[in-house]
Amino acid sequence: MAKDVKVAIIGVGGVGKAFIGQLSNYIKKNVSTVSISVVYIARSRAALISKDYSPLPLTSFVSEELDAAGTEPLSVPDLIQFLKAAGSEAILIDNTSSIELANTYPDILSAGIHIATPNKKGFSSEEKLWNDIFSAAGNNGESGGYVFHEATVGAGLPVLSTIRDLVDTGDEVTKVEGVFSGTMSFLFNEFAPVGASGPPKAFSDVVKVAKDAGYTEPDPRDDLNGLDVARKLTILARLSGLSIASPTSFPVQSLIPKPLESVSTSQEFMDGLPNYDSEIGLLADEAKKEGKVIRFVGSIDVPSKAVKVGLEKFDISHPIAGLKGSDNIIAFYTKRYGDRALIVQGAGAGAEVTAMGVLSDVIKIIARI
Ligand code: NHO
């Protein structure tokens, strides 16, 4: 008999819409014995609910359908009850960046509902939440739902599955190093490219180009403060076996000039940024004289428990220096791999590749239930 899986999707922004498209294609071509029905789709103030658990249509007009539905989303306890009452396995997809929703993961998992998510908040906030999530989860053979969050680091790149496989097969991770932000990758690949000739670019101009092209958050300070990278490092460090209290418990270099931290609008920030071009320009010049380039990187040194995020100089022959576009690169140094790192590299940002990471988690969950 076909296995029956009910799916609830919360969050229908860039990633949510791409996920719905990919899931729809997966369901259409699915030749396995699994019957997947999406029975709930919600964003902040609207929801589509299939009260009789018949599959909701997965169209590209989901935003319009949510507008027309006029139905309020269920509270998390009501959603748990709704999914449990279906009497079959259920997966919740959290495509939001909500900490409030992430705080409820332990309850969702304890109810036996599985979770797949690109939302970093649950795994990179206070350590207690991480511990509560994995105590409630069934990933290690206990009774709770499975939780997978591959897309929280490197979008669809196999970063978390790689580190888990290394650790589970008895290897010891000694160091993880790389470029973890698509935005920061783009900024520095443009600002300080290998083999640059001609007059140097102003950092503020590069930030403006990236902002206008939609590569940064609406307020670029949300990229430049380093916190997105710090959250990703927190997740990787915890998976490497380190105890990390929070993403602000280790050194994180912010590229926001101090006086611009508190200006109220993103426009004021952009207007003020050219005044600080010389500081970062000097760093790039200094690196160039040494035959190097500057890149915004994160690193975890496991034996010394040192985690840090910030600008570093790299020799132009180093793989980190030669990145292109908004690619991520993550190098794992382990006992087994010795001095030659295991390297994962490729597009690490964008709705389609992030949604791919989420769908691959859904497929992993389905294979386990
Ligand atoms: P949006 O477009 O803001 O959509 C969020 C949706 O969630 C909206 O529909 C909103 O109504 C809904 N929502 C928010 N709070 C809610 C609540 N409490 N209840 C119900 N609905 C709620 O965000 P995105 O871009 O679609 O992102 C979704 C999630 O994916 C976020 O957690 C984000 O951090 C994560 N994510 C996105 C990306 C990406 O490229 N867009 C990446 C990773 C994870 O790999 C990517 C990345 O790291 C990009 C990074 N900036 C970089 O490397 O430079």
Side-chain angles (χ1 to χ4, degrees), residues 8-21 40-48 62-63 65-67 71-76 78-79 92-105 108 115-125 149-160 178-189 207 210-211 213-233 235-236 247 296-298 309 323 325-330 344 346-359 361:
I9 300 170
I10 306 185
V12 193
V15 174
K17 281 189 195 134
F19 174 78
I20 287 173
Y40 181 83
I41 303 177
R43 63 174 186 221
S44 302
R45 281 189 193 80
L48 297 166
V62 64
S63 291
E65 285 165 14
L66 281 161
D67 288 341
T71 311
E72 280 290 311
L74 297 173
S75 66
V76 171
D78 287 350
L79 179 59
L92 176 88
I93 316 296
D94 171 12
N95 283 329
T96 76
S97 54
S98 162
I99 180 66
E100 290 77 19
L101 185 52
N103 279 332
T104 67
Y105 290 176
I108 295 167
I115 296 175
T117 182
N119 181 356
K120 294 178 261 282
K121 299 284 166 59
F123 311 94
S124 61
S125 300
H149 55 103
E150 181 66 70
T152 55
V153 182
L157 295 175
V159 178
L160 303 191
V179 172
F180 295 88
S181 155
T183 309
M184 290 293 206
S185 182
F186 177 84
L187 291 178
F188 285 93
N189 297 341
V207 175
K211 182 178 181 334
Y215 295 154
T216 67
E217 295 294 319
D219 187 334
R221 282 176 291 185
D222 291 336
D223 295 298
L224 296 174
N225 65 11
L227 187 59
D228 179 65
V229 179
R231 286 194 176 279
K232 292 168 180 168
L233 267 279
I235 294 170
L236 279 173
F296 195 84
V297 296
V309 170
L323 270 194
S326 58
D327 280 6
N328 284 188
I329 183 168
I330 295 104
V344 178
E352 287 294 338
V353 287
T354 305
M356 172 216 153
V358 183
L359 182 58
D361 283 347

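Along the sequence shown, the residues carry numbers beginning at 1. Hydrogens, waters and symmetry mates play no part in the numbers below; they use all other heavy atoms, side chains included. In listed order, ligands and their atoms are each counted from 1.
- Closest heavy-atom contact between Ala151 and Pro118: CB-CB, 3.8 Å.
- The CZ atom of Arg231 sits 8.5 Å away from atom CG of Asn119, with the distance rounded to the nearest 0.5 Å.
- With sequence neighbours left out, the ring-ring contact (aromatic ring centres under 6.0 Å, His included) criterion links Phe186 to Tyr215.
- The main-chain N or O of Asp94 is found under 3.5 Å from a side-chain atom of Thr117 such that the two form a donor-acceptor pair.
- Listed by chain and residue number, the protein contacts of ligand 1 are Ile10, Gly11, Val12, Gly13, Gly14, Val15, Arg43, Ser44, Asn95, Thr96, Ser97, Ser98, Pro118, Asn119, Lys120, Ala151, Ala155, Phe180, Ser181, Gly182, Thr183, Glu217, Asp228, Lys232, Gly348, Ala349, Gly350, Thr354 (heavy atom within 4.0 angstrom).
- Without hydrogens or angle criteria, Lys232 side chain to Phe180 main chain gives a donor-acceptor distance under 3.5 Å.
- When atom types are taken as modelled, the side chain of Lys121 and the backbone of Ser97 share a donor-acceptor pair closer than 3.5 angstrom.
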